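Since the structure comes first, as structure tokens, the remarks are kept for the end.
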Amino acid sequence: MTRPPLVNPSAPGFGGAMEMLSQLKKLKSETVSSAAGDQPLYVARQKIQPKSVSGRFRQLKWMVMLVTLGIYYLTPWLRWDRGPFAPDQAVLLDLSGGRFYFFFIEIWPQELFYVAGLLIMAGIGLFLVTSTVGRAWCGYACPQTVWVDLFLAVERFIEGDRNARIKLDQAPLDLRKATLRTAKHAVWLLIAVATGGAWIFYFADAPTLARAFITGEAPPVAYITVAVLTATTYTFGGLMREQVCIYMCPWPRIQAAMLDESSLTVTYNDWRGEPRSRHTKRAMAAGESIGDCVDCSACVAVCPMGIDIRNGQQMACITCALCIDACDGVMDKLGKERGLISYATFRDYDANMAIATSGGTAAIDPARVRGGDGKLIPEVAQFRLGTLLRPRTLVYVAMWSLIGLIMLYALMTRARLDVSVLSDRNPQYVILSDGAVRNGYTVKLLNMIPERRTLTLSLDGLPGATMMVGGMNQPESRTAEIEVEPDRLKAVRVFVRQPAEMIHAEKQTFKFVVEDHAGEGAAYTATFSAPGGRK
Ligand code: SF4
Ligand code: SF4
């Protein structure tokens, strides 16, 4: 039986491809993290010098980096007009005032369940992303990944690409090396300081704090926070890099439980790549069946984790997809289909492997996945968008949307006025000279809008009772007018008095009702105590 050729000599560009192939040199690269064999719990760090690469996933990573860093550094400087009684910083965690401002939303401490809801949504979102596209969070948006990428870009700009950096590492210390190293670490430190500096601006008015910080008048906690964040950013982003993902982060361990056979992961398709050979021409001339991998190690050289993805799925792989870009570049030069390394599901991989190995009965023969024209046969499973829509991901989407809608509804309809009451415990009541009974309360009025409000406090129930508000010159009656500052809680002492003839029980419930002139109101049920046995 004659096997179809692995590469179709009549395919356009084939001659050029063969020429390219002979030009492709194996990149000198060593795997640092490996899935093969038993590994100790910790291995001393071997420096990884990832090579620069271009391609669609690299472009996507640049864009994500730009957006995420832009959001982080610029957000504290955005202004949002909330009137004269509230800060005008768009995003502010005001710890001293007990408020969280997010554009038009203001969260009070008693509304922290909104933050809890957001965290739950973030958790479900992470489940959704992981079950569909694997560790996309790690590869694209995790702060560790983003800052390491930024530090690497600086390193590459100052010291050159991989080969130049390796050479520099091995060179003796001279003026050039010292200058380059000093420049690199100085820029890294600047980035680290900017990172720590941006963080503190989320907790106070950014322009004011920046001035105070520069003139040495900022609170000590600001300097300590910047110092700690500078040190951690510099160490994690510049010095430890992949070690943080491998040894410090729990997420790689957790995410393994979230993947299923339909999750996309970065995969080396050995069903078309093996047996690999650097001597394609010779192998083809000898009639050997060889795979698409030309063993150039471009995928290893660009990997920021020092992984050879051809060894299979590995916990250290952050699925940044840079090896896909590198290999796609090689395949382009060879005139072969892209996707020798690709995002693939375990299910598709298994199906293709079954074709290449005749259902697991023989060694991989990539000729089995190609037709007479040298192209991949139609039976080869490819990624379909529909794979992402399966019961599990739909449940995640439904849960995420439901929580989001509930929170949105609660946010839109939440009260901006509240009242809470504390009854005096000692004494619970006082018997006045005319036999009437008086109870004392601390009434807390919460005005949650940035405008001054005059509130009407009144009694609902408790027949015949009147009240007197401490510190206010108002006659005893069933209502009282109380002014509350914008965005403030006001606590007032209230004494409620009920004539003796109206008291029919030891405990009576009634309501404190509060209302503003626009009709917004709130109520609190309180208890009025009287001596036992009074009828
Ligand atoms: S193996 Fe590929 S996807 Fe995984 S970390 Fe390395 S370059 Fe990124
Ligand atoms: S998988 Fe692609 S990039 Fe990696 S060695 Fe093979 S051909 Fe080169």
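Counting convention: from 1, in listed order, for ligands and their atoms alike. No experiment lies behind these values; they were computed from the predicted model shown.
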Quick one: nearest non-hydrogen protein atom to [atom], plus distance?
{"atom": "atom 8 (Fe) of ligand 1", "value": "Cys320 SG, 2.3 Å"}
{"atom": "atom 2 (Fe) of ligand 1", "value": "Cys323 SG, 2.3 Å"}
{"atom": "atom 3 (S) of ligand 2", "value": "Cys299 N, 3.4 Å"}

### Query
In Å, rounded to the nearest 0.5 Å, how long is the span from OH of Tyr223 to OG1 of Thr230?
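Separation between the atoms: 13.0 Å.
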### Message
Tell me whether Arg181 at atom CZ has more than 12 heavy atoms from other residues, nucleotides or ligands lying less than 6.0 Å away.
### Response
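Enclosed: over 12 neighbouring heavy atoms sit under 6.0 Å from CZ of Arg181.
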### Message
Looking at Trp199, I'd like to know if its CH2 atom is crowded, meaning that more than 12 non-hydrogen atoms belonging to other residues, nucleotides or ligands lie closer than 6.0 Å.
### Response
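Not buried by this count: 12 neighbours or fewer within 6.0 Å.
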### Asp295 and ligand 2 - part of the residue with a heavy-atom distance under 4.0 Å
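Asp295 to ligand 2: backbone contact only, side chain stays beyond 4.0 Å.
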### Task
Heavy-atom distances under 4.0 Å are what count here, so tell me which part of Ala326 touches ligand 2: side chain, backbone, both or neither.
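No part of Ala326 comes within reach of ligand 2.
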### Task
May I ask which of Asn269, Asp308, Val294 has a heavy atom nearer to atom 7 (S) of ligand 2 than the others do?
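The nearest heavy atom belongs to Val294.
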### Query
For atom 4 (Fe) of ligand 1, which candidate among Gly134, Cys317, Gly139 provides the closest heavy atom?
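Closest candidate by heavy-atom distance is Cys317.
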### Query
Can we call the ring centroids of Trp80 and Tyr101 under 6.0 Å apart?
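Distance test on ring centres: not under 6.0 Å, no.
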Which ligand 2 atoms does [X] reach within 4.0 Å, using its non-hydrogen atoms?
{"X": "Ser297", "answer": "5 (S), 8 (Fe)"}
{"X": "Arg310", "answer": "1 (S), 5 (S)"}
{"X": "Cys296", "answer": "3 (S), 5 (S), 7 (S), 8 (Fe)"}

### Query
Hey, is Asp308 close enough to Arg310 for a salt bridge, meaning N to O under 4.0 Å?
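A salt bridge is present here (some side-chain N lies under 4.0 Å from a carboxylate O).
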### Query
Is there side-chain contact between Arg162 and Arg156, with heavy atoms separated by less than 4.5 Å?
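Arg162 does not reach Arg156 side chain to side chain.
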Any atoms of ligand 1 less than 4.0 Å from a non-hydrogen atom of [X]? List them with their elements.
{"X": "Cys303", "result": "1 (S), 5 (S), 6 (Fe), 7 (S)"}
{"X": "Thr319", "result": "3 (S), 4 (Fe)"}
{"X": "Met305", "result": "5 (S)"}

### Main-chain N/O of Ser289 paired to Asp365 side chain as donor or acceptor, under 3.5 Å
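The answer is no, because no donor-acceptor pair under 3.5 Å joins these two groups.
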### Task
Please determine if atom 8 (Fe) of ligand 2 has an N/O/S atom from Cys293 lying under 2.8 Å away.
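Short answer: no, not a single N, O or S atom is under the cut-off.
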Which atom names give the shortest non-hydrogen contact between [X] and [Y], and what distance separates them?
{"X": "Pro50", "Y": "Asp161", "result": "O-OD1, 4.1 Å"}
{"X": "Val302", "Y": "Ala326", "result": "CG2-CB, 3.7 Å"}
{"X": "Gln49", "Y": "Asp169", "result": "NE2-OD2, 2.9 Å"}

### Message
I'd like to know if atom 4 (Fe) of ligand 2 has an N/O/S atom from Cys327 within less than 2.8 Å of it, counting both backbone and side-chain atoms.
### Response
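No, Cys327 does not qualify, because none of its backbone or side-chain N, O or S atoms lies under 2.8 Å.
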